[in-house]
Q: 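One structure follows; several queries about it will come next.
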Amino acid sequence: MTHRILILGGTTEARQLAGKLARRTDFSVTLSLAGRTESPVAQGVPLRVGGFGGADGLAAYLSDNRIDLLIDATHPYAARISANAAEATRQSGVPILALRRPGWEPVAGDRWTLVESAAEAAKALGEAPRRVFLAIGRQEADVFEAAPRHRYLIRSVDPVEPKLAVPDALYLLARGPFPEPEERALIERYGVDAVVSKNSGGEATYGKIAAARGLGIEVVMIRRPPLPDVPSAETVDQLAARVDHLFDPVAERGV
Ligand code: 3Y8
Ligand code: NAP
């Protein structure tokens with residue numbers, strides 16, 4: 001009996017989970033990306049790229065492709081797709097499991113300013129000109145045009161087009177993970193005095209947070225959006241165990 005699993009991905013953990021589940025010969029795993037980046041890294045399992053056309057489109061995909069389990073392993077800030085996944089599985093009756101990466105918690109030495117949105121982050125930078133490292137990607141960078149007094153270092157996977165209408169911005173193209181030593185060198189080289197970040201959780205981009213702490217500089221941290229309440233696990237291993245339990249309840253009892 002083959003179990004057909006669709007993983008909504010776009011994160012480190014989604015790729016790791018896909019690789020882990022694909023090892024079971026009775027699982028047929030497909031990973032889904034939105035198609036946000038020009039050339040995504042290889043995901044190691046069959047890939048489908050592009051939107052589904054809202055929750056209804058996703059529900060139809062689940063039925064048409066006889067999906068037995070939907071796993072939402074998207075990024076904590078990908079709130080729309082997570083809402084669609086919860087709605088589509090409610091509509092279609094297909095089981096859902098979500099991988100919910102815990103957020104980072106501030107530790108001694110962290111200088112975090114918590115804000116609700118990128119727009120609020122722009123305000124939180126204050127009146128005095130700053131040297132700001134924008135590490136929130138391309139989709140929301142333009143809200144910082146409201147604060148043209150600062151000097152920006154903007155990192156994204158693909159180029160920010162059009163460029164920001166601010167007098168002083170430097171663009172960096174890079175795809176994580178980003179280790180702490182390189183993040184510290186980058187922050188020092190550009191004399192950064194404020195980092196704007198999402199609370200992504202996980203290891204891949206914590207380097208900039210630890211580097212900022214080490215250098216005693218401020219982090220303007222954008223709070224996570226609310227996500228739907230569906231069955232979830234915090235790590236790849238825990239989620240994989242729940243998948244096994246779902247399909248092999250007998251094996252679970254070790255009989
Ligand atoms: C298209 C797939 C893997 C996945 C790697 C993770 C780690 C590196 C950290 C910084 C922060 C940021 C951004 C980031 C991280 C991982 C992970 C993660 C942050 C790729 C990828 C896709 C995307 C989409 C992209 C967004 C952007 C966000 C850059 C691939 C590389 C800033 C989020 O239109 C756009 O340019 C959209 C870009 C959504 C946020 C934004 O709003 O701009 N991720 N990132 C996925 C798809 O098409 O479905 O290209 O290979 C995946 C990864 N990005 O396999 O190891 O697991 O989180 N991605 C944030 O956290 O702030 C970088 O620079 O410090
Ligand atoms: P989003 O705002 O939650 O979703 C917007 C729309 O994009 C969705 O309604 C859906 O289109 C499509 N979509 C999103 N993720 C998809 C997926 N995995 N497979 C198929 N369609 C998808 O999403 P986002 O924040 O732009 O993130 C897009 C992708 O980048 C996700 O895979 C996410 O995991 C990854 N990512 C995002 C961030 C971030 O900071 N947001 C960081 C790292 C990685 P339809 O409505 O047409 O179905």
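Order of appearance sets the numbers: ligands from 1, and atoms from 1 within every ligand. Count residues from 1 along the sequence.
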Q: Measuring from atom 10 (C) of ligand 1, which candidate in Arg155, Glu183, Glu203 has the nearest non-hydrogen atom?
A: Arg155
Q: Out of curiosity, is Gly35 lining ligand 1, as in a heavy atom under 4.0 Å away?
A: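 Per 4.0 Å heavy-atom rule, Gly35 contacts ligand 1.
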Q: Nearest heavy atom to atom 43 (O) of ligand 1 wins, so pick from Glu140, Lys208, Arg138.
A: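 Nearest heavy atom to atom 43 (O) of ligand 1 lies in Arg138.
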Q: Does Gly53, backbone or side chain, put an N or O under 3.5 Å from an N or O of ligand 2?
A: yes
Q: For Val41, counting its heavy atoms only, list the atoms of ligand 1 lying under 4.0 Å from any of them.
A: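 Reading through ligand 1 atom by atom, the close ones are 30 (C), 51 (O), 55 (O).
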Q: With heavy atoms of Gly10 as the reference, note each atom of ligand 2 found under 4.0 Å away.
A: 32 (O), 34 (O), 35 (C), 36 (N), 43 (C), 44 (C)
Q: Numbering the atoms of ligand 2 from 1, which are under 4.0 Å from a heavy atom of Arg48?
A: 20 (C)
Q: Identify, for atom 6 (C) of ligand 2, the protein heavy atom at the shortest distance, and state residue, atom and that distance.
A: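 Scanning the protein heavy atoms, the shortest distance from atom 6 (C) of ligand 2 goes to Arg36 NH2, 3.8 Å.
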Q: Any protein heavy atom sitting closer than 4.0 Å to atom 52 (C) of ligand 1?
A: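 Protein heavy atom within 4.0 Å of atom 52 (C) of ligand 1: present.
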Q: My understanding is that we take every heavy atom of each candidate and find the minimum distance to atom 3 (C) of ligand 1. Doing that for Arg175, Gln16, Arg15, which one comes out nearest?
A: Arg15
Q: Give the atom numbers and elements of ligand 2 that come within less than 4.0 Å of a heavy atom of Gly51.
A: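 Listed by number with element: 11 (O), 21 (N), 45 (P), 47 (O), 48 (O).
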Q: Give the single entry among Glu13, His75, Arg101, Lys198 that approaches atom 40 (C) of ligand 1 most closely by any heavy atom.
A: Lys198
Q: Could you identify the single nearest non-hydrogen protein atom to atom 16 (C) of ligand 1 and state the distance to 0.1 Å?
A: Thr12 OG1, 4.2 Å
Q: Where is the tightest heavy-atom contact between Ala122 and Ala147, given as atom of each residue plus distance?
A: O-CB, 4.0 Å
Q: So, does Ala55 sit close enough to ligand 2 that a heavy atom of it is under 4.0 Å from the ligand?
A: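 Judged by the 4.0 Å heavy-atom criterion, Ala55 does not count as contacting ligand 2.
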Q: If the contact criterion is a heavy-atom separation under 4.0 Å, does Glu38 count as touching ligand 1?
A: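 No heavy atom of Glu38 comes that close to ligand 1.
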Q: Under a 4.0 Å threshold between the charged nitrogen and the carboxylate oxygen, would Glu120 count as salt-bridged to Lys123?
A: no
Q: How close do Asp158 and Arg36 get, counting heavy atoms only, and between which atoms?
A: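 Smallest heavy-atom distance, with atoms named: OD2-O, 3.8 Å.
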Q: From the options Gly54, Ala83, Ala78, select the one whose nearest heavy atom is closest to atom 45 (P) of ligand 2.
A: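 It is Gly54 that holds the nearest heavy atom.
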Q: For ligand 2 and Ser32, I'd like to know whether there is a polar contact (N/O to N/O, distance under 3.5 Å).
A: yes
Q: Asn84: heavy atom below 4.0 Å from ligand 2, yes or no?
A: yes
Q: Can you confirm, on distance only, whether ligand 2 has an N/O atom lying under 3.5 Å from any N/O atom belonging to His75?
A: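 In this structure, His75 places an N or O atom under 3.5 Å from an N or O of ligand 2.
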Q: Within 45° of the six-membered ring axis of Phe247 and under 6.0 Å from that ring's centre, is NZ or CZ of Arg24 located there?
A: no
Q: Counting only heavy atoms not in Asp26, do more than 12 fall under 6.0 Å of its CG?
A: yes
Q: Do ligand 2 and Thr74 have nitrogen or oxygen atoms that lie under 3.5 Å from each other?
A: no
